[in-house]
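First, the structure itself, so that you have it in front of you.
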Amino acid sequence: MSSSLTSTISASLTPEYDALWHKLHPLQHEMIITGVGRRVYPLLEYQFSGMNPEKMYTTSVHFEYVDDKKLRFCKGKYVESVSQEKKEAPRKVQHKSGAKMGSKWMAAPVNFEDVRITNRKTREDEDGSNVHLHAQHRYLPVLTISEEGGSSYEIRLSHTVFITATLYHIDEVCNIKTESNEYAKSNREDRRRSRAVESSVTSPPAKKSRKEASSQDTSVQVVPDVPNSIPSLSAIDPALMSTLPFPSAGLSTQVPTSSAMPTIQDVPPANPLNAFSAIPWLNPLNNPYLLAAMGLQFPTIPFPYLPSKSFAQLTPTSSTSPDSQPTQPENPVKTAFIDKVIKDEVNV
């Protein structure tokens, strides 16, 4: 479908996108606009004919109001009201190819995929490809072909009318665009999955990370958890125990004399006043593996030395009051001398 002001130059949409525009037109075609700018879809891709092959032409696109109505979606349908928006002159976006000869324009389809529509006026100053449109209004794309040093031709296709909206209200319109648009979110996810499957089949296996490699290469000996028991010597790595600096603290260390069976130093008896010594496998003096498993690298401080004599032998027999002075042991020589002096004074 094409229309023009002259019989020489004409333009129509390419069959692929023309079929989509025809399919969406009777459904009240909704076109999403955003603040950052969104591409018009279906694309405005044209085929030109009737140009002078030796003349230079430029092309541009703008959007004009279809009517002076504002549309609100209410109860499953659009309701019209009088628009109060300030109408401005439409902004024309020139094709990125600039001026070309007529033969070049007619040689291949021409699309305006760089055009973005936005509901923010300031975006027009930031990017020349953005066009400000008011939401909830009907617009019609207009193609302008300007002949260098000559006249201009405007081409309007009636089935390309759309309603600007910030979100889809008509599910059928949304489904058609999602299924046909390769840049739609669902289609992007499908392409990612297909590429992931292809890469997993064709590409070599991915390199393992250092963490995964170390976890797979390092062999860990698992010691069975048996309550109230000391792990067997065969389950403990002798090289680990040989590095523990515990001999000065009275802990047992393994000094491997042969690869078959390591020797174990004698362990002093458990202190009866140590609470942990009541349970053999919790006593660090009997079970040095306990500290090794906890990652401790410091010696255990033993309890203070307790005398072998009982407390009864060290307790004085004489009882003294708190206020009295402590009694000193008597000297036999001094006592005899004092007794002699007292006796001589009595005889005198």
Side-chain angles (χ1 to χ4, degrees), residues 1-7 9-14 17-18 20-35 37-48 50 57-73 78-97 105 110-147 150-166 170 173 177:
M1 296 293 295
S2 65
S3 62
S4 71
L5 299 178
T6 66
S7 58
I9 296 179
S10 62
S12 62
L13 292 171
T14 55
Y17 293 109
D18 187 68
L20 286 175
W21 283 100
H22 275 289
K23 190 175 183 179
L24 293 167
H25 178 63
L27 302 175
Q28 292 185 305
H29 185 184
E30 295 173 321
M31 191 74 68
I32 299 299
I33 59 175
T34 60
R38 186 159 178 152
R39 186 177 65 166
V40 177
Y41 186 82
L43 287 180
L44 295 172
E45 187 175 74
Y46 297 95
Q47 291 176 332
F48 297 153
Y57 297 90
T58 59
T59 60
S60 63
V61 165
H62 70 275
F63 304 91
E64 65 180 15
Y65 290 97
V66 175
D67 49 39
D68 195 24
K69 303 295 182 181
K70 187 172 184 177
L71 306 173
R72 291 183 176 85
F73 194 81
Y78 277 101
V79 179
E80 297 181 354
S81 62
V82 179
S83 175
Q84 303 296 330
E85 304 291 349
K86 181 181 179 181
K87 307 299 188 296
E88 299 177 352
R91 182 182 190 180
K92 293 185 178 182
V93 180
Q94 296 287 337
H95 193 272
K96 58 184 178 181
S97 298
W105 288 112
V110 179
N111 65 64
F112 289 84
E113 61 181 359
D114 294 338
V115 177
R116 300 289 189 273
I117 54 177
T118 176
N119 56 1
R120 188 180 301 171
K121 182 64 177 176
T122 56
R123 288 292 297 171
E124 288 187 345
D125 300 330
E126 299 173 2
D127 192 341
S129 62
N130 282 296
V131 180
H132 172 249
L133 302 180
H134 293 291
Q136 301 175 326
H137 286 72
R138 290 190 182 95
Y139 287 92
L140 175 66
V142 180
L143 171 66
T144 302
I145 302 175
S146 300
E147 182 181 344
S151 57
S152 298
Y153 310 93
E154 291 185 347
I155 299 175
R156 296 172 175 84
L157 304 177
S158 59
H159 62 282
T160 58
V161 175
F162 60 83
I163 301 172
T164 54
T166 55
I170 304 174
V173 173
K177 290 195 173 187

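Along the sequence shown, the residues carry numbers beginning at 1.
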Non-hydrogen side-chain atoms of N111 and L44 separated by less than 4.5 Å: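 No; the side chains remain at least 4.5 Å from each other.
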Distance check, rounded to the nearest 0.5 Å: S151 atom OG versus I9 atom CD1? 7.0 Å
Give the minimum heavy-atom separation between L20 and P42, together with the two atoms involved.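 Smallest heavy-atom distance, with atoms named: CB-CG, 3.7 Å.
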Do I32 and Y41 come close enough that some side-chain heavy atom pair is under 4.5 Å? no
Return the set of residues passing salt bridge (Lys or Arg N to Asp or Glu O under 4.0 Å) with K69 (not counting sequence neighbours), or none when no residue passes. none
Passes side-chain contact (heavy atoms from CB on, under 4.5 Å), V115 versus R39? Steps please. CA-CA 6 Å; V115 177; R39 186 177 65 166; over 6 Å; no
Honestly, is K87 close enough over Y65, meaning NZ or CZ under 6.0 Å from the six-membered ring centre and within 45° of the axis?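 K87 over Y65 ring: yes.
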Does some side-chain heavy atom of V142 sit less than 4.5 Å from a side-chain heavy atom of F63? no
Identify, with sequence neighbours excluded, every residue that meets side-chain contact (heavy atoms from CB on, under 4.5 Å) alongside K92. S60, H62, T144, E154
Sequence neighbours left out, what passes ring-ring contact (aromatic ring centres under 6.0 Å, His included) with H95? Give chain and number order. W105, F112
List for me each residue that meets ring-ring contact (aromatic ring centres under 6.0 Å, His included) alongside Y78, sequence neighbours excluded, and say none if there are none.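 Only F73 meet the ring-ring contact (aromatic ring centres under 6.0 Å, His included) criterion with Y78.
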Can you sort out the partners of S81 under side chain to side chain donor-acceptor pair (under 3.5 Å), two or more places apart, ordered by chain and number?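 Once residues adjacent in sequence are excluded, the partners of S81 under the side chain to side chain donor-acceptor pair (under 3.5 Å) criterion are R72.
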Can you give me the closest heavy-atom contact between L157 and A11, atom names plus distance?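 Shortest heavy-atom contact: CD2-O, 4.4 Å.
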Salt bridge (Lys or Arg N to Asp or Glu O under 4.0 Å) partners for R138, two or more places apart: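 Partners of R138 under the salt bridge (Lys or Arg N to Asp or Glu O under 4.0 Å) test: D67, E80.
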Mind checking what makes side-chain contact (heavy atoms from CB on, under 4.5 Å) contact with T14, not counting sequence neighbours? Y17, E45, Q47, P109
Can you measure from CZ (R38) to OG1 (T164) and round to the nearest 0.5 angstrom?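 These two atoms lie 13.0 Å from each other.
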If you apply the rule side-chain contact (heavy atoms from CB on, under 4.5 Å), what do you find for I117 with V40, and how did you get there? CA-CA 7 Å; I117 54 177; V40 177; 3.9 Å; yes
Does the side chain of S10 come within less than 4.5 Å of F48's, by heavy atoms? no
Rounded distance [0.5 Å steps], OG1 in T166 versus CD in Q136: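 Output value for this atom pair is 7.0 Å.
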Return the set of residues passing ring-ring contact (aromatic ring centres under 6.0 Å, His included) with Y57 (not counting sequence neighbours), or none when no residue passes. none
Report the residues that fulfil side-chain contact (heavy atoms from CB on, under 4.5 Å) with T118, sequence neighbours left out, ordered by chain and then residue number. R120, R123, N130
Any E147 side-chain heavy atom under 4.5 Å of T58 side chain: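 Contact flag for E147/T58 side chains = no.
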Can you tell me if H25 uses its side chain to pair, donor with acceptor, with the backbone of K23 under 3.5 Å?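 No, H25 side chain to K23 backbone: no donor-acceptor pair under 3.5 Å.
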Stepwise side-chain contact (heavy atoms from CB on, under 4.5 Å) check, S83 with H137: CA-CA 8 Å; S83 175; H137 286 72; 2.7 Å; yes
List in chain and number order the residues that pass side-chain contact (heavy atoms from CB on, under 4.5 Å) with H132, two or more places apart in sequence or in another chain; answer none if no residue qualifies.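 Partners of H132 by the side-chain contact (heavy atoms from CB on, under 4.5 Å) criterion, ordered by chain and then number, come out as K121, E124, H134.
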Supply the atom-to-atom distance L140 CG to H159 NE2, rounded to the nearest 0.5 angstrom. 10.0 Å
Enter the distance from Q94:CD to S146:OG here, rounded to the nearest 0.5 Å. 7.0 Å
List for me each residue that meets salt bridge (Lys or Arg N to Asp or Glu O under 4.0 Å) alongside E30, sequence neighbours excluded, and say none if there are none.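 By the salt bridge (Lys or Arg N to Asp or Glu O under 4.0 Å) rule, E30 matches no residue at all.
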Side chains of L24 and V173, heavy atoms from C-beta outward: is any pair under 4.5 Å? yes
Can you find a pair of side-chain heavy atoms, one from M31 and one from Y139, that are under 4.5 Å apart?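 Sidechains of Y139 and M31: no contact.
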Under the rule for salt bridge (Lys or Arg N to Asp or Glu O under 4.0 Å), what residues qualify as partners of K96, not counting sequence neighbours? E113, D114
When rounded to the nearest 0.5 angstrom, what is the spacing between CD1 in I163 and CG in L27? 10.5 Å
